[in-house]
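As structure tokens, the structure follows; a few thoughts come after it.
Note that the structure is predicted; figures quoted are calculated from it, not measured. Here is the naming used below: chain letters follow the sequence lines, and residue numbers restart at 1 for every chain.
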Number of protein chains: 2
Amino acid sequence: MGVSKSSFFTEEQNELASKLKALAHPARIAIVQYILKQKKCICTNIVEELPLAQPTISQHLKELKSSGIIKGSIEGKGICYCVDEENLSKTIANLQEILNEMKLEKDDCC
Amino acid sequence: MGVSKSSFFTEEQNELASKLKALAHPARIAIVQYILKQKKCICTNIVEELPLAQPTISQHLKELKSSGIIKGSIEGKGICYCVDEENLSKTIANLQEILNEMKLEKDDCC
DNA sequence: GATTAATATCGTAATATTGCGATATAAAAA
DNA sequence: TTTTTATATCGCAATATTACGATATTAATC
């Protein structure tokens, strides 16, 4: 159906899946890297950095923003985007927790 | 087009995006959690654990396997799945690196 | 107020994902 | 060797994603 049965999973599982989904595209990873690379987060020129048309990048930015990975505020003529580092850190930590939580008394067989 | 222009991005960006994509679904997160929860990695009964039909779970397992997040070997009648913890750890580390790499002399404006 | 520049939205085409019933396969058990 | 059990694959329908041209919006600049 292309629609995931999110209601059957926990809030945490859905939340983490959604954040990872926002990051799960090379263009969006490149965008996050580019924004972080700028010392200040004045982030015009993303369009010139990537081999994608302006509407496509705008769409990727929207996805990153709506998932909370980045935030943007109006800055004169353009928009200033920053990575929400706290949010991204938390996502990474959540993923790491899954791995850590279960690591005790493992008996590898594969 | 629904097809990402992967050839324009770096190997690292494509690789990370692909791993994150494999994890970016609540059912697949639940599967990884369930496999890790078992002390031994004898992993039948996944079908009974999740509210999804057997072919659907088989498909999710295939995706996790082909991206290297889990590995499976034949174990009698069934199949024994394990999380490839090294691989998963590396994915998390790669994501963390992106965040760390750029953290020096930041000037937050958002 | 018209122009320019930066970004967003709309509409649409191509492709991918999700889910499952039906069916196939493969190994153990009877 | 038939049956049972566990898992995979096929085929399909519904929906989502990716990409972009055309166009709209918004704010600075002239």
Measure distances between side-chain N and O atoms of B:Gln59 and base N and O atoms of D:dA8, and say whether any donor-acceptor pair falls under 3.5 Å. no
To the nearest angstrom, how far is B:Leu52 atom CG from C:dG21 atom C1'? 15 Å
Length of the line joining A:Tyr81:OH and C:dA6:P, which is rounded to integer Å: 15 Å
Regarding A:Gln96 and B:Gln96, do their side chains bring together a donor and an acceptor under 3.5 Å, going by distance alone? no
Would the base of D:dA6 count as contacting B:Gln54 through its side chain, where contact means a donor and an acceptor less than 3.5 Å apart? no
NE2 of A:His25 versus P of D:dT17: gap in Å, rounded? 11 Å
Under 4.0 Å from OP1 or OP2 of D:dA8: is there any side-chain N or O of B:Ser58 that close? yes
How many Å lie between CD1 on B:Ile57 and C1' on D:dT9, as a whole number? 16 Å
So, does B:Lys21 get its side chain near the phosphate of C:dT17, meaning an N or O under 4.0 Å from OP1 or OP2? yes
Start with the C-alpha gap between B:Ile31 and B:Ile35, add the side-chain angles, then the distance that decides, and say whether side chain to side chain contact (heavy atoms under 4.5 Å, CB included) holds. CA-CA 6 Å; B:Ile31 288 172; B:Ile35 297 180; 3.9 Å; yes
Would you mind telling me which residue lines up with the more 5' stretch of DNA chain C, B:Pro55 or B:Ala27, judged by nearest nucleotide? B:Ala27
Rounded to whole Å, how long is the line connecting atom CG of A:Leu50 with atom P of D:dA19? 11 Å
Nearest-Å distance, NZ (B:Lys62) to P (D:dA8)? 9 Å
Checking the side chain of A:Asn94 only, and the main-chain atoms of A:Leu16 only, is there a donor and an acceptor separated by less than 3.5 Å? no
Rounding to a whole Å, what distance do you find between B:Glu48:CD and D:dA6:P? 8 Å
Nearest whole Å is fine: how far is C:dG19 P from B:Leu61 CG? 13 Å
Enumerate donor-acceptor pairs with a distance under 3.5 Å from any side-chain N or O in residues 47-65 of chain A to protein atoms, sequence neighbours excluded.
unit_1	atom_1	unit_2	atom_2	d
A:His60	ND1	A:Arg28	NH1	2.9
A:Glu63	OE1	A:Arg28	NH1	3.3
A:Glu63	OE2	A:Arg28	NH1	3.4

Ignoring backbone atoms, establish whether A:His60 has a side-chain N or O less than 4.0 Å from OP1 or OP2 of D:dA19. yes
I need the full list of salt bridge (Lys or Arg N to Asp or Glu O under 4.0 Å) pairs touching residues 7-17 of chain B, with sequence neighbours left out, sorted by first then second residue. B:Glu15-B:Lys19
